[in-house]
Amino acid sequence: MPSETTVNHVVEFPGGYTRSVGPVIGRFLSELRDGRLVGVRTAAGRVLVPPAEYDPETGEDVTGEFVEVGPAGTVTTWSWVPNPAAEHPFDRPFAWALIRPDGADTALLHALDLGVFEAGAKPPKVLKTGMRVRPKYRAERTGTIGDIECFLPEVTMINSPGSLGYRLKGGRALDRFLEGIAEGRIIGQRCPVCEKVIVPMKGFCTRDGVPTTEEVELPDTGTVTTFAVNNIPDPRAPEVPFVSGYVLLDGAGLTMLTLIAGVPADQVRMGMRVKAAWRPREEWDRSMANIRWFEPIDEPDVPFEEIKDFM
């Protein structure tokens with residue numbers, strides 16, 4: 001009776017299988033060992049990469065003229081591998097891609113490393129036909145296609161931390177305003193035309209364009225007119241998210257930009273009554289930092305109709 005047992009036969013070459021690569025492929029592999037990519041030119045003028053001994057379109061012998069190409073190239077098509085197998089070059093998701101080196105007319109197949117992704121991940125948005133890539137060569141090369149470890153995307157963006165420090169010298173009006181802040185007072189100036197009190201004082205009325213000299217001390221209470229919730233950290237803010245908003249001080253004719261805290265960000269609202277939260281007296285200097293922020297007080301909200309002209 002015939003046996004139903006299946007036997008798999010494996011033919012192995014323990015010492016490896018040695019073959020001649022010929023002058024064309026040999027030149028290609030030798031250049032790889034030296035960290036260069038080359039193609040070969042056909043009689044029709046096309047550059048083949050990887051090189052072949054014959055023109056695949058006509059079957060004619062190639063010219064024997066070798067052309068250095070790349071190293072950068074363009075992805076012509078790709079296939080994402082979300083769950084690599086043991087024999088794959090990476091143990092995390094990657095892509096196989098056909099990459100046409102600059103100066104070549106054909107493309108070579110190689111692995112494309114796009115970073116670290118969890119198993120099963122979907123292809124990233126940066127992976128697309130036309131993306132620019134460059135080879136990553138191994139430190140130790142032996143003259144095989146594996147001398148290119150993989151291809152990597154060209155650098156298109158960098159994160160460059162920066163900081164700009166500057167000293168601001170105020171004019172007479174701002175200097176006087178900060179002098180008042182250093183004393184715990186908020187001082188504005190009244191316009192002689194529209195009679196609105198401008199704070200912080202500017203030395204002129206932005207509406208009528210006339211100089212202002214009459215000083216008016218204002219209380220440190222006011223009303224929120226407009227505001228924004230911010231999710232980018234700021235060293236002046238108590239936490240993220242925080243609120244920056246315009247506050248109309250009682251008696252003022254212009255709003256003042258400040259932080260609003262002491263209440264969850266989602267509870268800040270237009271018309272909310274607030275009061276300045278001053279730092280301890282020993283920390284005061286000639287700076288608006290003397291006021292940490294404005295925080296709510298137990299007073300009814302101001303109706304929208306009364307603040308709509310200050311939006």
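In this text the structure is predicted, and so the values were computed from the model without any measurement.
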- Query: Can you list the steps and then say if Thr74 with Arg132 is a side-chain hydrogen bond (donor to acceptor under 3.5 Å, both in side chains)?
  - Reply: CA-CA 5 Å; Thr74 303; Arg132 299 283 294 166; 3.0 Å; yes
- Would Glu179 and Arg185 satisfy salt bridge (Lys or Arg N to Asp or Glu O under 4.0 Å), going step by step from the backbone distance to the final call? CA-CA 9 Å; Glu179 181 181 324; Arg185 300 188 298 143; 5.9 Å; no
- Query: side-chain contact (heavy atoms from CB on, under 4.5 Å) between Val197 and Leu254: does it pass, once the steps are laid out?
  - Reply: CA-CA 7 Å; Val197 177; Leu254 290 177; over 6 Å; no
- Item | side-chain contact (heavy atoms from CB on, under 4.5 Å) between Ile186 and Ile181, worked out | CA-CA 6 Å; Ile186 301 177; Ile181 292 293; 4.1 Å; yes
- Under the side-chain contact (heavy atoms from CB on, under 4.5 Å) rule, what do Phe177 and Met288 come out as? Steps first, then yes or no, please. CA-CA 10 Å; Phe177 174 74; Met288 279 301 294; 3.6 Å; yes
- Message: Would Phe204 and Thr213 count as a side-chain contact (heavy atoms from CB on, under 4.5 Å) here? Give the steps.
- Response: CA-CA 8 Å; Phe204 67 97; Thr213 57; over 6 Å; no
- Message: Between Asp208 and Lys196, does the salt bridge (Lys or Arg N to Asp or Glu O under 4.0 Å) criterion hold? Intermediate values first, please.
- Response: CA-CA 10 Å; Asp208 299 300; Lys196 291 185 179 295; over 6 Å; no
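In terms of heavy atoms, Pro93 sits closest to Pro82 at CG-O, 3.3 Å. Val21 and Gly26 get closest at one heavy-atom pair: CG2-CA, 3.5 Å. Listed here is the closest heavy atom pair of Asp250 and Pro219: O-CD, 3.4 Å. When every heavy atom of Pro50 is checked against every heavy atom of Leu108, the shortest pair comes out as CD-CB, 3.7 Å. In this structure, Gly64 and Val40 approach most closely via the heavy-atom pair N-CG2, 4.1 Å. Considering every non-hydrogen atom in both Asn290 and Ala182, the closest pair reads ND2-CA, 3.7 Å.
Between the Arg100 side chain and the Ala107 main chain, no donor and acceptor come within less than 3.5 Å of each other. No side-chain donor-acceptor contact under 3.5 Å links His110 to the backbone of Ile99. Looking at Thr63, its side chain does come within 3.5 Å of a backbone N or O of Arg41 through a donor-acceptor pair. Looking only at distances, a side-chain donor or acceptor of Trp80 sits under 3.5 Å from a matching main-chain atom of Ala121. At distances below 3.5 Å, at least one donor-acceptor pair connects side-chain atoms of Arg141 with backbone N or O atoms of Arg138. Counting only distance, with no hydrogens or angles, the side chain of Asp147 and the backbone of Thr142 share a donor-acceptor pair below 3.5 Å. Within the 3.5 Å criterion, the main-chain N or O of Ala111 finds no donor-acceptor partner in the side chain of Asp113. Between the side chain of Arg172 and the backbone N or O of Lys202 there is no donor-acceptor pair closer than 3.5 Å. Side chain of Asp55 to main chain of Thr42: no donor-acceptor pair is present (N/O by atom type, distance under 3.5 Å, no hydrogens or angles). When atom types are taken as modelled, the side chain of Arg92 and the backbone of Gly115 share a donor-acceptor pair closer than 3.5 angstrom.
In this structure, Phe90 CZ and Cys150 SG are separated by 4.0 Å, a value rounded to the nearest 0.5 Å. Here the CG-NZ distance, from Leu152 to Lys136, works out to 6.0 Å after rounding to the nearest 0.5 Å. Here Ser287 contributes atom OG and Asp285 contributes atom CG; the two are 5.0 Å apart, rounded to the nearest 0.5 Å. With rounding to the nearest 0.5 Å, the separation of CZ in Arg134 from CG in Asp102 is 8.0 Å. The line from CZ of Phe227 to CE of Met270 is 7.0 Å long, rounded to the nearest 0.5 Å. In this structure, CZ on Phe310 lies 5.0 Å from CG on Leu248, to the nearest 0.5 angstrom.
With contacts defined as side-chain heavy-atom distances shorter than 4.5 Å, the pair Asp220/Trp278 qualifies. With contacts defined as side-chain heavy-atom distances shorter than 4.5 Å, the pair Asp105/Leu48 does not qualify. Gln189 places none of its side-chain heavy atoms less than 4.5 Å from the side chain of Glu214. Side-chain contact check for Leu114 versus Leu112: some heavy-atom pair is nearer than 4.5 Å. The side-chain heavy atoms of Pro89 and Trp96, taken from C-beta on, include a pair separated by under 4.5 Å. Proximity of Arg190 to Thr212: side-chain heavy atoms (C-beta onward) are nowhere separated by under 4.5 Å. Side-chain contact check for Leu259 versus Arg236: some heavy-atom pair is nearer than 4.5 Å. Side-chain contact check for Val263 versus Glu295: every heavy-atom pair is 4.5 Å or farther apart.
If you run side-chain contact (heavy atoms from CB on, under 4.5 Å) between Thr255 and each of Thr223, Val224, Thr225, only Thr225 comes through.
Hydrophobic clustering, with ILVMFWY side chains joined whenever heavy atoms are under 4.5 angstrom apart, keeps Val229 apart from Tyr246. Both Ile291 and Trp284 belong to a single network of hydrophobic side chains, linked directly or stepwise wherever heavy atoms of I, L, V, M, F, W or Y lie under 4.5 Å apart. Under the 4.5 Å side-chain heavy-atom criterion for Ile, Leu, Val, Met, Phe, Trp and Tyr, Val268 and Leu249 are members of the same hydrophobic cluster. Criterion: ILVMFWY side-chain heavy atoms under 4.5 Å apart, direct or through other members. Under it, Leu178 and Val216 are part of a common hydrophobic cluster. Note: the hydrophobic cluster containing Met311 also contains Met272 (ILVMFWY, side chain heavy atoms under 4.5 Å, direct or indirect links).
Comment: Arg273 does not engage Asp301 in a salt bridge, judged by the lack of any side-chain N to carboxylate O separation of less than 4.0 angstrom.
For Glu140, the CD atom counts as loosely surrounded, since its 6.0 Å shell holds 12 or fewer non-hydrogen atoms of other residues, nucleotides or ligands.
Residue Val193 is found in a hydrophobic cluster whose other members, listed by chain and number, are Val210; membership requires side-chain heavy atoms under 4.5 Å apart, directly or through intermediates.
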